[in-house]
Amino acid sequence: MTVKELIETIVKALVDHPDEVIVSEVQNDRSVTYQLTVHKDDMGKVIGKQGRVAKSIRTVINAAAVNNNQKVNLDIM
Amino acid sequence: MKSVTVTGKTVEEAIGAALTQLGTDREKVTVTVREEPKKGFFGLGGKPAIVEVSEKPDPFTESQKFLHEVTRKMGISIEIDASRKDHDLYFNLSGEKIAILIGKRGQTLNSLQYLTNLVANRFSDQYVRVVLDAENYRERRKETLQQLANRLAEKAIQTNRSVQLEPMPSLERKVIHMALKERKGISTHSDGKEPHRRVIIVPEKNN
């Protein structure tokens with residue numbers, strides 16, 4: 001399993017343009033940052049009211065990362 | 001999602017044939033008429049109706065698929081016990097690493113529930129509610145919340161001061177309100193904006 005695939009799976013299920021979901025990985029010292037880009041009309045869908053969707057995505061990927069002894073961040077570009 | 005294109009003498013006939021092919025019902029599909037039929041003279045020059053019939057994604061199967069995929073990518077293998085009642089979809093998850101899916105105070109379970117709700121309602125005309133549970137976590141949490149509610153109600157009465165609870169999701173707040181509904185000497189209400197909305201227990205004389 002990879003966190004990248006997990007992010008893609010979640011986000012593609014939420015947006016109108018699944019083909020334009022791009023996740024890239026940046027390795028830091030002790031953590032990995034994932035940069036998520038989506039179609040501009042889908043921005044609202046992945047962020048949500050007061051960032052509720054984004055927060056939920058982060059919670060789920062953090063749980064997966066802990067299971068894997070990793071530390072991860074998610075940036076929505 | 002399956003979809004077929006079918007021809008027939010009339011639009012209705014074509015739709016009927018398509019439904020038989022897909023083995024489904026009229027309300028579970030979307031129909032696009034590609035060509036209206038034209039009547040010819042004496043059976044000549046007529047054109048059949050062409051319709052495209054595709055199955056609507058069903059919120060129940062879509063949610064289940066989503067949960068399976070997400071948990072698999074999380075590296076957790078689970079069993080899903082799924083059931084539905086009117087517009088409520090219930091998924092009870094169980095498996096070895098279930099604690100990871102629940103998270104601290106159900107955080108992960110609630111997030112996953114929220115995301116699954118979005119997935120379920122994406123294709124649904126009517127609002128459906130997704131309720132996720134993991135090895136009866138919700139029931140156990142409910143008991144804990146009821147005990148907490150009673151303890152804090154006692155405190156509110158004895159100190160004659162309002163007691164604020166920590167922010168909780170709506171389902172959990174409801175448990176608190178219900179638990180204290182009949183209790184004398186106090187009243188409860190919620191305050192604040194989601195996701196920081198919290199229950200406040202107010203002693204009656206203080207109102």
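Note that these values count all heavy atoms, side chains included, but never hydrogens, waters or copies made by symmetry.
- Under the 3.5 Å distance criterion, the side-chain polar atoms of B/Asn117 are left unmatched by any main-chain donor or acceptor of B/Arg129.
- The pair B/Arg183-B/Glu204 does not count as a salt bridge, with every side-chain nitrogen at least 4.0 angstrom from each carboxylate oxygen.
- Looking at B/Asp25 and B/Lys28, a side-chain N of the basic residue comes within less than 4.0 Å of a carboxylate O on the acidic one, giving a salt bridge.
- Looking at A/Val53, both its backbone and its side chain come within 4.5 Å of chain B, counting heavy atoms on both sides.
- For B/Lys97, the part sitting under 4.5 Å from any heavy atom of chain A is the side chain, from C-beta outward, and nothing else.
- Among residues 18-29 of chain A, no residue has any heavy atom closer than 4.5 Å to a heavy atom of chain B.
- Taking both residues in full, the closest heavy atoms of B/Val11 and B/Ala49 are given as N-CB, 3.7 Å, listed atom of the first, atom of the second, then distance.
- In the displayed structure, A/Lys12 atom NZ is contacted under 6.0 Å by more than 12 heavy atoms of other residues, nucleotides or ligands.
- Contacts of A/Ile61 with chain B are absent, with no heavy-atom separation under 4.5 Å from either backbone or side chain.
- In terms of modelled atom types and a separation under 3.5 Å, the side chain of B/Arg197 and the main chain of B/Gly192 share a donor-acceptor contact.
- Side chain of A/Asn67 to backbone of B/Met74: a donor-acceptor contact under 3.5 angstrom is found.
- Within residues 104-113 of chain B, the residues that have a heavy atom under 4.5 Å from a heavy atom of chain A are B/Gln107, B/Thr108, B/Ser111, B/Leu112, listed by number.
- Among residues at least two apart or in separate chains, salt bridge (charged side-chain N to carboxylate O under 4.0 Å, His left out) pairs with a member in residues 32-54 of chain A are A/Asp16-A/Lys45.
- A donor-acceptor contact shorter than 3.5 Å links the side chain of A/Arg58 to the backbone of A/Leu74.
- Using a 4.5 Å cut-off between heavy atoms, A/Val15 contacts chain B through its backbone alone, with no side-chain atom that close.
- Between B/Glu62 and B/Lys65, the closest side-chain pair of non-hydrogen atoms falls below 4.5 Å.
- Looking only at heavy-atom pairs under 4.5 Å with chain B, the residue among A/Asn62, A/Thr59, A/Val66 that has the most is A/Thr59.
- In this structure, the side chains of B/Phe66 and A/Ile10 come closer than 4.5 Å at one or more pairs of heavy atoms.
- Contacts classified as salt bridge (charged side-chain N to carboxylate O under 4.0 Å, His left out) and involving residues 130-141 of chain B (residues at least two apart or in different chains) are given here: B/Arg141-B/Glu172.
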